[in-house]
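Worksheet for the structure shown next.
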Amino acid sequence: MSAPDMIAPGSAATGHGRPARTMGARALIGLAVILTLLIVVAPLVYIFARAFSEGWQVYASNILDPAMLHAIWLTSLVAVIVVPLNIAFGIAAAWAVAKHRFPGRGVLVTMIEIPFSISPIIAGICYLLLYGRQGLLGPWLGEVDLQVMFALPGIVLVTMFVTAPFVAREVLPLMQAQGTAQEEAAVTLGASGWQVFRRVTLPNIRFALLYGAVLCTARAVGEFGGVSVVSGNIRGQTNTLPLHVELLFNDLNAVGAFAAASTLTVIALVALILKAVLEGRRG
Amino acid sequence: MTATAAPFRAKRVLPGFTLSLGTTLLYLVLIVLIPIAALILKGAEIGPAAFWAIVSSERAVAAFRITLTAAAIATAFNAAYGLLMAWVLVRHDFPGKRILDALMDVPFALPTAVAGLSLTALFSANGWFGQVLHPAGIPVVYTIWGIALAMAFTSIPFVVRTVQPVLEDLDPSLEQAAETLGATPWQVFTRVVFPAILPAWLAGCTTAFARSLGEFGAIVFIAGNLPFETEIAALLAYIRLEEYDYNGAAAIALVLLGFALVLLIVSNILQSWAARHREATR
């Protein structure tokens with residue numbers, strides 16, 4: 001899914017819209033608003049309505065449940081490991097592709113985008129076939145007694161797969177558009193590679209970088225399909241927050257499931273607000 | 001650096017090429033390419049006859065049929081809804097427009113499991129929508145419509161966000177000229193606007209369809225997951241894994257991977273067509 005569409009900045013400020021005058025225009029706007037309320041807003045509101053349906057105290061006890069706290073901790077840990085690695089990868093990929101010419105650049109860009117078009121569940125299966133007990137590396141991992149599947153490393157790896165393109169895709173087009181003149185000037189003036197990056201490139205891309213990191217965090221925290229395959233759903237051990245939602249739902253603890261979902265929803269909403277703020281700055 | 005790369009190196013001013021390219025390749029190879037290679041190797045190990053037996057089994061064919069049908073319904077919805085949203089957001093000003101625009105990103109930011117949970121509860125017999133739909137004889141949950149609903153929700157942004165920038169670039173004077181020449185609003189849309197946004201719209205629909213085929217998190221909640229009726233292909237692969245039938249899981253996953261790659265190619269072709277089209281109509 002080579003989808004620049006996914007990150008296309010909102011058009012609200014730039015569109016040459018005109019005030020709605022005709023009946024037809026009003027009808028279209030009304031239809032758009034009603035459909036969006038039904039399809040997008042209602043599910044959002046419903047999460048909080050159900051999470052708090054039995055009052056604050058039940059909500060608090062659901063959140064403070066040890067299994068829930070463990071899931072929150074595990075999900076945070078995965079994000080804390082994955083996001084910095086992803087930022088490093090994104091910057092490296094953008095620096096290589098945007099600031100240099102070499103054969104195979106196009107292929108490299110397509111390869112960075114591949115995880116977008118692959119279903120996370122397929123990513124999970126790939127990892128299981130590689131690191132699982134019957135997998136290609138299974139016998140070797142057994143010998144050195146390294147547990148990748150059904151443990152933290154597996155969850156981290158599959159999340160890295162799923163989120164791989166996020167930072168690169170934000171930073172790359174910007175670096176490409178800015179060209180290399182400023183960096184070349186800095187080099188001519190005797191700056192070292194690290195100085196060029198820190199003093200010239202980084203200030204130029206900081207909002208795009210932050211924006212990519214926000215998207216990457218939201219995605220890493222919410223990953224379900226891939227993690228579902230590689231985690232083994234071991235309660236209190238490898239249960240991330242999205243998996244905990246499913247577990248509570250299957251336990252017929254709907255209010256608990258919605259409480260877990262509400263924490264993820266808050267993260268998603270914060271990410272959206274940051275996105276709006278950063279887009280304003282970036283433009 | 002080898003001698004063959006020397007001509008490139010000669011022109012290179014900025015440092016860090018080897019380090020950045022090396023890091024990128026290492027990450028891609030370890031995290032993305034080797035795992036995919038493991039799946040493909042597994043497929044080769046199964047052998048063509050056994051592979052065909054797995055993917056043409058009755059249950060697998062039913063799962064593929066259900067997945068494709070639901071994805072088609074979801075894409076048809078988003079083709080219309082996404083076009084409407086893009087049009088309204090670009091061509092009209094009204095209070096709350098920025099919020100409406102921001103809401104288009106909710107399905108990307110919201111974890112799919114959360115979306116699935118909420119949609120399932122909303123449409124089940126005692127949910128806000130289910131209370132109305134169930135007595136009317138429209139059960140959404142545990143039917144293919146539920147699957148399509150979950151797919152539609154998770155792929156909402158694709159069409160809107162592909163069409164929006166193209167529509168913004170479209171010169172309004174073309175439409176004004178058509179209006180001046182006596183065209184009705186519908187004629188202006190079908191003869192002037194739609195041809196200009198067609199490539200982008202098709203590209204958006206393709207990515208939405210691809211995303212729907214691979215969706216899993218939102219669907220497992222709402223589908224009921226009944227073999228032959230509401231079992232999608234990704235779930236069947238997952239079930240095969242739980243049964244330790246790794247061949248079965250790998251074969252189904254490979255078919256889905258094939259679909260994804262074909263759609264990626266189609267979408268790339270459409271997007272480059274859209275880009276050329278955009279330059280031409282500017």
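In what follows, every chain begins at residue 1, and chains take the letters A, B, ... in the order their sequences are listed. A quick note: this is a predicted structure, and the numbers were derived from the prediction, not measured.
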- Go through B:Tyr27 and A:Ile112 one step at a time and tell me if the side-chain contact (heavy atoms from CB on, under 4.5 Å) criterion holds. CA-CA 10 Å; B:Tyr27 194 101; A:Ile112 296 170; over 6 Å; no
- Query: Which region of A:Leu264, side chain (C-beta onward) or backbone (N, CA, C, O), has a non-hydrogen atom less than 4.5 Å from a non-hydrogen atom of chain B, or is it both or neither?
  - Reply: both
- Message: Need one label for A:Val40: side chain, backbone, both or neither, based on atoms under 4.5 Å from any heavy atom in chain B.
- Response: both
Could you list the donor-acceptor pairs under 3.5 angstrom formed by side chains in residues 246-255 of chain B, with sequence neighbours left out?
from     : atom 1 : to      : atom 2 : distance (Å)
B:Asn247 : OD1    : B:Lys42 : NZ     : 3.4

- Query: Considering only heavy atoms, which portion of A:Thr188 lies under 4.5 Å from any heavy atom of chain B: side chain, backbone, both, or neither?
  - Reply: neither
- Message: Nearest 0.5 angstrom please: A:Ile121 CD1 to B:Phe216 CZ, how far?
- Response: 3.5 Å
- Relative to chain B, which of A:Ala276, A:Ala42, A:Gly24, A:Pro242 shows the most heavy atom pairs under 4.5 Å? A:Ala42
- Got a sec, which residues hit side-chain hydrogen bond (donor to acceptor under 3.5 Å, both in side chains) with A:Thr217, two or more places apart in sequence or on another chain? none
- Task: Considering only heavy atoms and a distance below 4.5 Å, find which of B:Ala109, B:Pro35, B:Pro111 pairs most often with chain A.
- Result: B:Pro35
- Between A:Gly124, A:Ala94, A:Ser119, which shows the greatest number of heavy-atom pairs under 4.5 Å with chain B? A:Ser119
- Contacting region of A:Ala49 [heavy-atom separation from chain B under 4.5 Å]: side chain
- Considering only heavy atoms, which portion of A:Leu37 lies under 4.5 Å from any heavy atom of chain B: side chain, backbone, both, or neither? neither
- Query: Do the rings of A:Tyr46 and B:Trp128 sit parallel, tilted or perpendicular, given the 30° and 60° boundaries?
  - Reply: perpendicular
- Item | chain B contact via A:Leu31 - which portion, at a heavy-atom distance below 4.5 Å | both
- Query: Between CD1 of B:Ile36 and CD1 of A:Ile125, what distance do you get to the nearest 0.5 Å?
  - Reply: 12.5 Å
- Choice from A:Cys126, A:Ala123, A:Ala254, A:Gly132 maximising heavy atom contacts with chain B below 4.5 Å: A:Cys126
- Side chain, backbone, both or neither of A:Leu28 within contact of chain B (heavy atoms, under 4.5 Å): both
- Task: Specify which of A:Leu157, A:Val221, A:Val229 makes the most heavy-atom pairs with chain B at under 4.5 Å.
- Result: A:Val229
- How far does CD1 of B:Ile31 sit from OG1 of A:Thr159, to the nearest 0.5 angstrom? 10.0 Å
- Query: Non-hydrogen atoms of chain B under 4.5 Å away: do they reach the side chain of A:Arg219, the backbone, both or neither?
  - Reply: neither
- Please flag which part of A:Val214 lies under 4.5 Å from any non-hydrogen atom of chain B: side chain, backbone, both or neither. neither
- Message: Please report the interatomic distance OG1(A:Thr201) to CG(B:Leu14), rounded to the nearest 0.5 Å.
- Response: 7.5 Å
- Query: Does any heavy atom of chain B fall under 4.5 Å from the side chain of A:Ala93, the backbone, both, or neither of them?
  - Reply: both
- Which portion of A:Phe197 sits near chain B, non-hydrogen atoms under 4.5 angstrom: neither
- Atom CG of B:Leu261 and atom OG of A:Ser117: how far apart are they, to the nearest 0.5 Å? 6.0 Å
- OG of B:Ser20 to NZ of A:Lys99: how many Å apart, nearest 0.5 Å? 11.5 Å
